[in-house]
Peer 1: 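After the structure tokens below, expect a handful of questions from me.
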Amino acid sequence: MSCINAIKLFDWVLSHPGRKACFGDAPDLDIVMHCDKILKGANTELFVLEGDNEEPVIVLWCELDTERKNIHILNILGDRGSLKHALGAWQSLYPGWSVSGARRKSKKQVQYRISDFAKT
């Protein structure tokens with residue numbers, strides 16, 4: 001696990017073209033406070049995958065359910081196709097776990113085994 005520059009992270013999050021889809025019309029301060037709440041939560045996690053240039057490629061705000069071995073995605077912001085890389089990283093960190101979240105358009109809750117994504 002490595003540290004990421006918080007200024008670089010927030011600059012990327014706040015200027016990302018998918019910001020509105022991820023956070024709605026939330027102001028900058030609310031988004032930063034959401035990140036802080038996730039970082040301080042007992043069963044919450046902020047996952048950041050960086051590219052070769054040390055810029056974020058995908059950021060995931062999640063709840064970890066250690067009893068059910070499930071990662072529940074609260075918010076996701078990233079470049080197209082980046083979720084597959086995050087799931088591959090999770091497969092090595094959390095073998096045998098599942099990942100869940102709500103589909104953006106339908107709000108339908110879905111759950112998959114992380115290994116299902118690692119094979120594709």
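Hydrogens, waters and symmetry mates play no part in the numbers below; they use all other heavy atoms, side chains included.
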Peer 1: Do Leu60 and Leu77 make a side-chain contact, defined as non-hydrogen atoms from C-beta onward lying under 4.5 Å apart?
Peer 2: no
Peer 1: Could you walk me through whether Thr66 and Tyr94 pass side-chain contact (heavy atoms from CB on, under 4.5 Å), step by step?
Peer 2: CA-CA 10 Å; Thr66 55; Tyr94 300 99; over 6 Å; no
Peer 1: If hydrophobic clusters are built by linking Ile, Leu, Val, Met, Phe, Trp and Tyr wherever their side-chain heavy atoms come under 4.5 Å apart, do Ile58 and Leu93 end up in the same one?
Peer 2: yes
Peer 1: Under 4.0 Å between a side-chain nitrogen and a carboxylate oxygen: does that hold for Asp36 and Lys40?
Peer 2: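 Yes, this pair counts.
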Peer 1: Go through the steps for His72 and Asp65 under the test side-chain contact (heavy atoms from CB on, under 4.5 Å), then give the verdict.
Peer 2: CA-CA 8 Å; His72 184 78; Asp65 184 342; over 6 Å; no
Peer 1: I need the single residue from Ile71, Ile73, Thr44, Asn70 that forms a side chain to side chain contact (heavy atoms under 4.5 Å, CB included) with Glu63. Which is it?
Peer 2: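 That would be Thr44; it is the only one of Ile71, Ile73, Thr44, Asn70 passing the side chain to side chain contact (heavy atoms under 4.5 Å, CB included) with Glu63.
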Peer 1: Are any non-hydrogen side-chain atoms of Phe10 and Asp28 less than 4.5 angstrom apart?
Peer 2: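 Contact flag for Phe10/Asp28 side chains = no.
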Peer 1: For the residue pair Val59 and Phe47, establish whether any side-chain heavy-atom pair is separated by less than 4.5 Å.
Peer 2: no
Peer 1: Any side-chain heavy atom of Arg19 sitting closer than 4.5 Å to one from Leu14?
Peer 2: yes
Peer 1: Return the orientation label for the Trp12 and His16 ring planes: parallel under 30°, perpendicular over 60°, tilted otherwise.
Peer 2: perpendicular
Peer 1: To the nearest 0.5 Å, what is the distance between CD1 on Ile76 and SG on Cys22?
Peer 2: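 Ile76 atom CD1 to Cys22 atom SG measures 8.0 Å (nearest 0.5 Å).
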Peer 1: So how far is it from Lys37 NZ to Asp30 CG, rounded to the nearest 0.5 Å?
Peer 2: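 One finds 11.5 Å between NZ of Lys37 and CG of Asp30.
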Peer 1: Do NZ/NE/NH1/NH2 and the carboxylate oxygens of Asp11 and Lys8 come within less than 4.0 Å?
Peer 2: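 Here Asp11 does not pair with Lys8 in a salt bridge, since their nearest N and O are not under 4.0 Å apart.
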Peer 1: Side-chain contact, heavy-atom cut-off 4.5 Å: Glu45 with Ile38?
Peer 2: no
Peer 1: Would you check if Leu74 and Cys62 make a side-chain contact, meaning some heavy-atom pair closer than 4.5 Å?
Peer 2: no
Peer 1: Would you call the rings of Trp61 and His34 parallel, tilted or perpendicular if under 30° counts as parallel and over 60° as perpendicular?
Peer 2: tilted
